[in-house]
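The structure appears right after this line, and notes come after that.
This structure is a prediction, so every number in the text was calculated from the model and none was measured.
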Amino acid sequence: MTKQLHVDPILCDGYGQCAELLPELIELDEWGYPIIADEPLWPGLEPAARRAVAMCPRLALALEARS
């Protein structure tokens with residue numbers, strides 16, 4: 001089973017911390033909101049992804065299981 005990052009656009013306030021912590025999968029749009037790659041989490045990036053989820057000030061980022 002693979003994992004994928006998901007952002008809740010309603011909760012997100014565009015602080016941009018997630019893109020700083022996980023630039024391999026997250027980039028910011030012109031307003032500072034995250035654009036997350038629509039692909040499974042690469043091997044070895046799970047610790048960084050978990051840190052980005054934990055550091056989100058609005059708890060808008062989640063790591064979800066994907067079959």
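For R51, the CZ atom sits in a loose shell: 12 or fewer heavy atoms of surrounding residues, nucleotides or ligands are nearer than 6.0 Å.
Checked options C56, P34, P57; the residue passing with C18 is P34 (criterion: side chain to side chain contact (heavy atoms under 4.5 Å, CB included)).
Side-chain contact between R66 and L41 is absent, with no heavy-atom pair separated by less than 4.5 Å. For the pair Y33/V7, no side-chain contact is recorded, criterion being any heavy-atom separation below 4.5 Å from C-beta on. A heavy-atom distance below 4.5 Å is found between the side chains of I36 and L61. In this structure, R50 and K3 have side chains that are in contact, with non-hydrogen atoms separated by less than 4.5 Å. Between L5 and V53, the closest side-chain pair of non-hydrogen atoms falls below 4.5 Å.
Separation of atoms CD1 (I26) and CD1 (I35) is listed at 11.0 Å; rounding is to 0.5 Å. Here the CD-CG distance, from E46 to L22, works out to 11.5 Å after rounding to the nearest 0.5 Å.
Taking each heavy atom of A37 and Q4 in turn, the nearest pair found is O-NE2, 4.0 Å. Scanning both residues, Y15 and R58, for their nearest heavy atoms gives CE1-CG, 3.8 Å. Across A52 and L21, no two heavy atoms sit closer than the pair CA-CD1, 3.8 Å.
In the hydrophobic clustering of this structure, M55 does not group with L63; members are Ile, Leu, Val, Met, Phe, Trp, Tyr whose side-chain heavy atoms approach within less than 4.5 Å, directly or through other members.
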